[in-house]
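Order of the sequence lines fixes the chain letters, A, B, ..., with proteins taken first and strands second; residue numbering starts at 1 for each chain.
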Protein chains: 2
Amino acid sequence: MGKGEATRERILYMAARLAAREGLEGLSLAQLADSLGVSKSGLFAHFRSKQELQLETLRAFSTRFIAEVLRPAFAQPRGLPRLRAVFANWTRRTLDRSFPGGCLFMAASIELDDREGPARDFLVQSMRDLLGLLSRTARLAVDEGHLRKDLDCDQFAFEEYGILLGLNHALRLLRDPNAERRARDAFDGLIRASISRS
Amino acid sequence: MGKGEATRERILYMAARLAAREGLEGLSLAQLADSLGVSKSGLFAHFRSKQELQLETLRAFSTRFIAEVLRPAFAQPRGLPRLRAVFANWTRRTLDRSFPGGCLFMAASIELDDREGPARDFLVQSMRDLLGLLSRTARLAVDEGHLRKDLDCDQFAFEEYGILLGLNHALRLLRDPNAERRARDAFDGLIRASISRS
DNA sequence: AAATTAAAAGACCGACCGGTCGTTTTGTCA
DNA sequence: TGACAAAACGACCGGTCGGTCTTTTAATTT
């Protein structure tokens with residue numbers, strides 16, 4: 001890996017952290033450059049425009065999220081263990097204080113939901129993939145006989161993600177010390193309702 | 001009501017709409033003034049600073065939200081009818097296409113969750129009140145015998161709000177045509193789980 | 001209708017925005 | 001080690017930001 005590539009990764013990592021706090025649009029190039037101890041033009045040499053920086057920031061975040069949160073959970077055996085591991089890992093990431101701005105995807109979801117452009121397109125595709133992955137993970141649990149046969153797995157994914165959104169809200173905005181327990185209880189309830197007949 | 005006051009209301013209404021799209025910070029005074037057909041300084045005469053404008057925008061939105069979404073639901077008899085009416089009205093408001101940026105509170109929750117200041121303080125208090133209101137509405141349903149006696153009403157409120165967050169996400173970002181049904185089904189499931197023994 | 005006050009306008013400020021450019025430093029490899 | 005290219009730099013561009021000022025216009029009030 002050349003030096004340029006290494007710097008580029010440093011930039012994108014820091015950009016994701018700052019953008020989670022300030023927003024993709026609110027993040028300024030000067031601020032990002034300062035945080036990196038780099039000149040603004042030196043930074044800008046890596047990207048053709050701020051738009052491209054935003055898109056690449058989302059891309060890099062997505063890659064890291066998959067590698068650090070999702071992939072480890074897939075080491076668990078399919079079915080309930082894997083289903084729980086995905087949720088647990090996601091929760092742990094949300095609780096992690098070393099990410100001050102929280103999840104970039106959740107922040108960007110609100111920011112980009114009414115803007116058009118490549119950044120939005122990428123985010124939408126990523127979120128569809130993510131929800132699809134949650135759904136398929138539930139599907140496997142059905143196939144394993146861990147969840148009931150007539151379960152609507154897309155509905156399961158919708159509700160699971162709703163709990164994660166609620167966790168993020170209770171934790172970051174309200175700073176509710178019970179946030180983690182509330183999310184865990186909600187997910188347990190969702191699992192329970194997905195086992196027995198509705 | 002003097003003319004100044006009327007203009008002030010017009011400003012705060014438009015500010016809430018724009019801030020829901022652009023964010024409280026991303027909203028610029030020049031843009032807001034143009035949208036209102038007013039000069040920037042004419043607008044600014046109503047507020048001592050942008051911070052104050054942001055705070056007053058949140059305040060005005062909160063007042064409108066309570067009057068237009070919550071208050072009508074309280075015309076319903078306490079218990080399940082009122083509980084469902086609150087959720088239904090909130091859902092309807094979320095679906096309303098005439099609010100392009102969606103709910104200002106949800107957007108501001110993400111934007112302000114890691115910033116300190118009076119705007120955040122006001123938002124936190126408002127959200128606590130809102131969740132408290134959801135919880136107490138559930139409590140009344142317990143008292144009426146519509147929901148089971150040992151229900152954790154704060155947990156109920158957490159899960160209900162999670163569904164509303166999921167609805168907002170599926171609707172505005174993903175533009176999922178099934179979003180409303182998903183939210184309705186999720187809420188029905190929550191009610192069902194809150195009736196019978198857990 | 002005149003006098004008074006409230007509301008809006010317009011010109012302007014320094015700071016910072018995203019972005020460009022020519023130059024200098026630094027790493028790489030023959 | 002010397003040559004070449006990649007990477008970072010500092011100065012600068014037009015434009016917009018939040019905010020201040022003085023002046024003009026419009027609404028009240030008597």
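The CD-P distance, from B/Glu52 to D/dG19, rounds to 10 Å in whole Å. Summarising the geometry, the separation between CD on A/Glu25 and C1' on D/dT16 is reported as 13 Å, rounded to the nearest angstrom. B/Phe44 places its CZ atom 17 Å from the P atom of C/dA7, with the value rounded to the nearest Å. Remark: P of C/dA9 and CG of B/Leu36 are 10 Å apart, rounded to the nearest angstrom. Spacing between atom CG of B/Asp34 and atom P of D/dT16 amounts to 11 Å, rounded to whole angstrom units. If you take CZ of B/Arg48 and C1' of D/dT20, they are 16 Å apart, rounded to a whole angstrom.
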Query raised in the report: For A/Met106 and A/Tyr161, what are the C-alpha separation, side-chain angles and deciding distance, and is it a side-chain contact (heavy atoms from CB on, under 4.5 Å)?
Result: CA-CA 11 Å; A/Met106 289 190 188; A/Tyr161 191 63; 3.7 Å; yes
Query raised in the report: Stepwise, does the ring-ring contact (aromatic ring centres under 6.0 Å, His included) test hold for A/Phe187 with A/Trp90?
Result: CA-CA 12 Å; A/Phe187 189 64; A/Trp90 201 321; over 10 Å; no
Requested in this report: Assess whether salt bridge (Lys or Arg N to Asp or Glu O under 4.0 Å) is satisfied between A/Arg115 and B/Glu22, documenting all intermediate values.
Outcome: CA-CA 9 Å; A/Arg115 273 184 237 268; B/Glu22 316 286 340; 3.3 Å; yes
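At a threshold of 4.0 angstrom between heavy atoms, the contacts of B/Leu27 are confined to the sugar-phosphate backbone, with no base atom among them. Residue contacts for A/Leu32: at a heavy-atom cut-off of 4.0 Å it reaches no nucleic acid atom on any strand shown.
Hydrophobic side-chain contacts under 4.5 Å tie A/Met14 into a cluster, directly or through other members, with A/Ile11, A/Leu12, A/Leu18, A/Leu27, A/Leu29, A/Leu32, A/Leu36, A/Val38, A/Leu43, A/Phe44, A/Phe47, A/Leu53.
Contact check on A/Asp152 versus A/Arg139 returns no salt bridge, with no Lys/Arg side-chain nitrogen under 4.0 Å from an Asp/Glu carboxylate oxygen. Taking 4.0 Å as the cut-off between side-chain N and carboxylate O, A/Glu56 and A/Arg8 count as a salt-bridged pair.
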Report task. Summarise how protein sits on nucleotides 7-15 of chain D as a single string, 5' to 3': B when a protein heavy atom is under 4.0 Å from the base, S for sugar-phosphate-only contact, - for no contact. Result -> SSBB-----
